[in-house]
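A quick write-up on the structure given underneath.
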Amino acid sequence: MDSKYCSIGLTNETKNGFKRKKPTASICVKKVKLLSDSISNCLQNGHEVSKNIETHVVKKNSDDLQEARRKLPVFMVRGRLLEEIRKNNTMIIIGETGSGKTTQIPQMIHEQRLEGTGLIVVTQPRRVAAITIALRVAAEMNTEVGNIVGYSVRFEDVTSPRTKVKYLTDGMLLREAILDPLLSKYSVIILDEAHERTVSTDILFGIVKLAQKERNEKTINPLKVIVMSATMDVDTFRNYFDSCPVIYLEGRTHPVTIYHSKTKQEDYQYAAVCTIFQLHTTTPADDDFLVFLTGQEEIEAVMYNIKQIAKETTGPPIRVCPLYAGLPPAQQMQVWKETPPGTRKIVLATNIAEASVTIPRIKCVIDTGVVKERSWCSATGAERLVVRSGSQAAGWQRAGRAGRTAPGAAYRLYTAQQFNTRPLHPTPEILRCPLAPTILLLIAAGVEPSTFPLIDSPPRDSVTASLTLLKELGAIDSVENPKLTVLGRKMSSFPIDPKYSKVLLSAPEYGCLEEALSLVAVLSSENIFYTPMHKREEALKVKRKFISPTGDHITLLNVFKAFCKATLKKQWCKENYLNHRNLTYAYEVRQQLLAICQRLNLTLSSCGSATDQLLKCLLSGLFSNCAWSRSAGVAGGGARYVTGAGGAASLHPAAALHAASPPPPALLYTELLHTRRTYMITVSAIQPHWLQQVAPDYARRCRAYR
DNA sequence: GAGCACTGC
């Protein structure tokens, strides 16, 4: 280990925090019961459950909790750790799973009152984590959540004037930074799970760095910054934070033995099925398997294969559980149900099982080594979904899922040599996503985008494309030296894509704010339709009653309106093949957006059945998402279109207008997705001359393509 | 006539 790093904790070979040493050696991953059983359940089941167990947790006898605390590795090095925190204003703490860093370090700081008159905040990339960790810490401190310990996530702020330790999502702290870029309420900011490199944490790194500097210069209360992470690219982080000290904490996990494929696998799905059955016949029936695959379709295919082969194979009975984010909650729950003794559980999961949820009792991980990744092309505005090789970090993370409860094994369906040539870390999200929302946020927080310190800077073209869009939306006054306009300031107060906040701010002009709020809420949420493979025909038949001849946007509005009117919503959703969770979420988003509109004194109005008004209003934000027909006379799905950026695109077969004949001359789409072809998703027909009326500047720029 | 990995405000 490099001598410039100090180390705290027990000594052994995993001290330096990297588990990438020997490809076939066992790695040290282990589980400390950070959370009581009820809380772990709620981690898995999501937020709804966490509310229900709150009382139970707070009342739990705190003796057990104190006992568990004292056993955590971080507790044993408490004195030295506090000394380092006292001495340094910025530091990096590398703590492996089970070190107790997230729950204990904020408490230790508070016990010593190192935060002074300010607050200690801890960011998390996921809301469920922010909530459950706050509950846990409140229980350990023998207080109710919302008192000394609180949390703040979207739609829910459980804090009070007495709160000194606050857990929140990184996105939430970022929104706070717009109103107060110096984050002056806080004296200690802990950025946890930094290795995940979400756009929000990457931006927060820069925000806290600038805040720290400015607070120093103005001699207002100093800011301590602690960056916490599991294994990560320490040198990159350390360079970024001006060579600050790095401290390593021991983790406590069970060893996981890694096996690599001896030869390259041509077909990882096939290899996965083979490996499953090889292990099935050679391992005890009570050992559960976790298989990492890329998506729903693949999971369904492998599940089918397993069931077919299982019929002709001897061996213990098998229960196969699919797990991906789009699966209805009730089916997701199957994963946590215990199987009868002598039955093997095989979980087929996407990346959701890599960090977001934890499945207990997994003994064997089968890692196909591939991930499905979304990326964005600034030139065409299209997003791409590609299956590609994962990083080494992802490989270790996946393997670690086998060592949560007991020693385990991980089978990699790629060679050790293939593993070693993979990138150490995944591409940070900020290099893969549209930048307009982030750039608007930065400008609103008073930051100069061109000099803002980022660990990884996106390509210049990408930044320029986003600045150009913001200029055309009217959010900033120039691309070269961007300053927020009055409209831009208003746009930045909405927690949504600036294209959509422009739609809401234009809505009073078109007399359709009621409808715009509903539509934007739905567009800002996940898919509201639930189409199970085996009942597709029926689902499509039921959908027909909502379909509008103008296209998908008004169809979505019709569904949302009907949902609001329905009395037994859950039942109604089931009957209509709709996703209750996502519709409820959209409903909550609408409430939040409405409150912001009221604060901005926007006139609430309805366009009734004059849906043209709503579509024109939508065009005021989505003008760059137009496409024009290039195939007069060709019927329906065969129609070819060309987008504003000049690329060819087709209507997605799931679009309401897919079969329209003749094909509409002009379209407005929500998303451009490149898979086998470039498809427009969520599409409505518009009048070609609307663009000239609604967004004349853009229309001029784009005329060449028409 | 195809299919959407995962978070978050």
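Here is how names work: the chains are called A, B, and so on, in the same order as the sequence lines, proteins then strands, and each is numbered from 1. It should be emphasised that the depicted structure is a prediction, and the values quoted were computed from it without experimental measurement.
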What is the distance, to the nearest angstrom, from the [atom1] atom on [X] to the [atom2] atom on [N]?
X: A:Asn582; N: B:dC4; atom1: CG; atom2: P; value: 16 Å
X: A:Ile203; N: B:dC9; atom1: CD1; atom2: P; value: 16 Å
X: A:Leu651; N: B:dA2; atom1: CG; atom2: P; value: 13 Å
X: A:Asn351; N: B:dT7; atom1: CG; atom2: P; value: 10 Å
X: A:Glu156; N: B:dG8; atom1: CD; atom2: C1'; value: 15 Å
X: A:Arg676; N: B:dG1; atom1: CZ; atom2: P; value: 13 Å
X: A:Leu523; N: B:dG8; atom1: CG; atom2: P; value: 20 Å
X: A:Tyr585; N: B:dC9; atom1: OH; atom2: C1'; value: 7 Å

Using a 4.0 Å heavy-atom cut-off across all strands, classify [X] as base, sugar-phosphate, or nothing.
X: A:Ser524; answer: nothing
X: A:Arg154; answer: base
X: A:Phe494; answer: nothing
X: A:Gln296; answer: sugar-phosphate

* Would you mind listing every salt bridge (charged side-chain N to carboxylate O under 4.0 Å, His left out) that reaches into residues 650-659 of chain A, with sequence neighbours excluded? =>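 Applying salt bridge (charged side-chain N to carboxylate O under 4.0 Å, His left out) to every pair that reaches into residues 650-659 of chain A, excluding sequence neighbours, yields nothing.
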
* Is it true that the NZ or CZ of A:Arg401 lies under 6.0 Å from the centre of A:Phe292's six-membered ring and within 45 degrees of the ring axis? ->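 No, cation not above the ring by the 6.0 Å, 45° rule.
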
* Any A:Thr350 side-chain nitrogen or oxygen under 4.0 Å from OP1 or OP2 of B:dC6 ->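 Yes.
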
* **Phosphate OP1/OP2 of B:dC9: any A:Thr169 side-chain N/O under 4.0 Å** =>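 True: A:Thr169 side-chain N/O within range (under 4.0 Å) of B:dC9 OP1/OP2.
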
Which nucleotide in the list [options] gets nearest to the side chain of [X]?
X: A:Leu385; options: B:dA2, B:dC6, B:dC4; value: B:dC4
X: A:Lys372; options: B:dA5, B:dG1, B:dT7; value: B:dA5
X: A:Pro653; options: B:dT7, B:dC4, B:dG1; value: B:dG1
X: A:Ala654; options: B:dT7, B:dA2, B:dG1; value: B:dA2
X: A:Tyr679; options: B:dC9, B:dC6, B:dA2; value: B:dA2
X: A:Val153; options: B:dC6, B:dC4, B:dC9; value: B:dC9
X: A:Arg126; options: B:dA2, B:dC6, B:dT7; value: B:dT7
X: A:Ile681; options: B:dC9, B:dC4, B:dA5; value: B:dC4
X: A:Leu673; options: B:dC9, B:dC6, B:dC4; value: B:dC4

* **With sequence neighbours excluded, residues passing side chain to side chain donor-acceptor pair (under 3.5 Å) with A:Gln591** =>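 With sequence neighbours excluded, A:Gln591 shows a side chain to side chain donor-acceptor pair (under 3.5 Å) to no residue whatsoever.
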
* **For A:Thr350, side chain to side chain donor-acceptor pair (under 3.5 Å) partners two or more places apart** =>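 Scan of A:Thr350 (side chain to side chain donor-acceptor pair (under 3.5 Å), adjacent residues dropped) gives none.
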
* Under the side-chain contact (heavy atoms from CB on, under 4.5 Å) rule, collect the residues that match up with A:His553, sequence neighbours excluded. =>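 A:His553 satisfies side-chain contact (heavy atoms from CB on, under 4.5 Å) with A:Leu519, A:Leu523, A:Leu615, A:Leu618, A:Thr670, A:Thr682, A:Ser684 only.
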
* Asked: If every non-hydrogen atom of A:Leu672 is compared with every non-hydrogen atom of A:Thr380, which pair is closest and at what distance?
  ->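 What the structure gives for the nearest pair is CD2-O, 3.8 Å.
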
* Return the residues of residues 172-180 of chain A meeting this criterion: a heavy atom under 4.0 Å from some atom of DNA chain B. Order them by number, or give none. =>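 Nucleic-acid contacts, sorted: A:Met172, A:Arg175.
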
* What pairs with A:Tyr411 under ring-ring contact (aromatic ring centres under 6.0 Å, His included), at least two apart in sequence or on another chain? ->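 A:Tyr411: ring-ring contact (aromatic ring centres under 6.0 Å, His included) contacts with A:Tyr259.
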
* Salt bridge flag under 4.0 Å for residues A:Glu196 and A:Arg126 ->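 Looking at A:Arg126 together with A:Glu196, the answer is yes, because their closest N to O distance falls below 4.0 Å.
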
* **Of A:Asp497 and A:Leu323, the one whose closest DNA chain B nucleotide lies more 5'** =>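 The 5'-side residue here is A:Leu323.
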
* **Member of A:Arg398, A:Glu373, A:Gln397 meeting the side-chain hydrogen bond (donor to acceptor under 3.5 Å, both in side chains) criterion with A:Asn351** =>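 Result for side-chain hydrogen bond (donor to acceptor under 3.5 Å, both in side chains) with A:Asn351: A:Arg398.
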
